[in-house]
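Worksheet for the structure shown next.
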Amino acid sequence: PFEIVLNADRTASYSFGVAGGESFSETGRWWAEDHRFCLQVPKFARGQRACPRIVKTGEALTAVRPINDMVLPWSLAR
């Protein structure tokens with residue numbers, strides 16, 4: 001599992017567990033573009049920008065890959 005914390009200054013803190021119980025973290029950036037949420041962090045998605053659509057259904061938020069409408073297994077919270 002991983003965690004991405006979005007900061008008001010448009011930086012994104014990305015952290016995840018690695019083998020041996022250690023954790024790794026790094027900082028990237030986030031922004032909104034064409035009605036999508038975009039994120040770019042060096043080790044997340046091989047450094048490529050990720051721009052899923054965020055869909056709200058009732059109180060639930062989900063991330064959807066725009067190319068094929070696949071729901072991403074992310075837990076989103078405010």
Side-chain angles (χ1 to χ4, degrees):
F2 63 88
E3 178 179 63
I4 300 170
V5 176
L6 305 178
N7 305 302
D9 65 357
R10 297 200 178 207
T11 59
S13 303
Y14 170 59
S15 61
F16 62 95
V18 295
E22 296 181 39
S23 63
F24 174 83
S25 64
E26 65 180 353
T27 301
R29 63 187 187 100
W30 69 270
W31 66 97
E33 177 181 297
D34 296 328
H35 306 288
R36 294 176 291 154
F37 160 75
C38 295
L39 170 73
Q40 189 168 24
V41 180
K43 300 255 191 248
F44 181 79
R46 288 172 262 152
Q48 299 296 311
R49 67 184 200 163
C51 294
R53 286 184 298 115
I54 304 300
V55 178
K56 182 177 182 185
T57 306
E59 292 299 311
L61 296 173
T62 55
V64 178
R65 185 172 287 148
I67 281 182
N68 58 8
D69 286 333
M70 182 177 117
V71 175
L72 300 170
W74 296 4
S75 295
L76 304 174
R78 293 181 190 188

Give the cluster check for Val55 versus Ile4: same hydrophobic cluster or not, with ILVMFWY residues linked at side-chain heavy-atom distances below 4.5 Å. no
Using atom types as modelled, flag every donor-acceptor pair under 3.5 Å from a side chain in residues 42-54 to any protein atom, sequence neighbours excluded.
residue: Arg49; atom: NH1; partner: Glu33; partner atom: OE1; Å: 3.1
residue: Arg49; atom: NH1; partner: Glu33; partner atom: OE2; Å: 3.0
residue: Arg49; atom: NH2; partner: Glu33; partner atom: OE2; Å: 3.1
residue: Arg53; atom: NH2; partner: Asp69; partner atom: OD1; Å: 2.6

Any sub-3.5 Å donor-acceptor pair from Asn68's side-chain atoms to Met70's backbone N or O? yes
Are Val64 and Phe37 co-members of a hydrophobic cluster defined by side-chain heavy atoms under 4.5 Å apart? no
So CH2 of Trp74 and CZ of Phe2: to nearest 0.5 Å the spacing works out to 5.5 Å
Search all heavy atoms of Ser23 against all heavy atoms of Val18 and return the closest pair with its distance. N-CG2, 4.3 Å
Between atom CG of Asp9 and atom CH2 of Trp30, what is the distance when rounded to the nearest 0.5 Å? 9.5 Å
Report yes if some heavy atom in the side chain of Arg29 is under 4.5 Å from a heavy atom in the side chain of Thr11; otherwise report no. no
Do you reckon Val41 sits in the same ILVMFWY cluster as Phe16, going by side-chain contacts under 4.5 Å, direct or chained? yes
Among the clusters formed by ILVMFWY side chains lying less than 4.5 Å apart, do Leu61 and Trp31 turn up in the same one? no
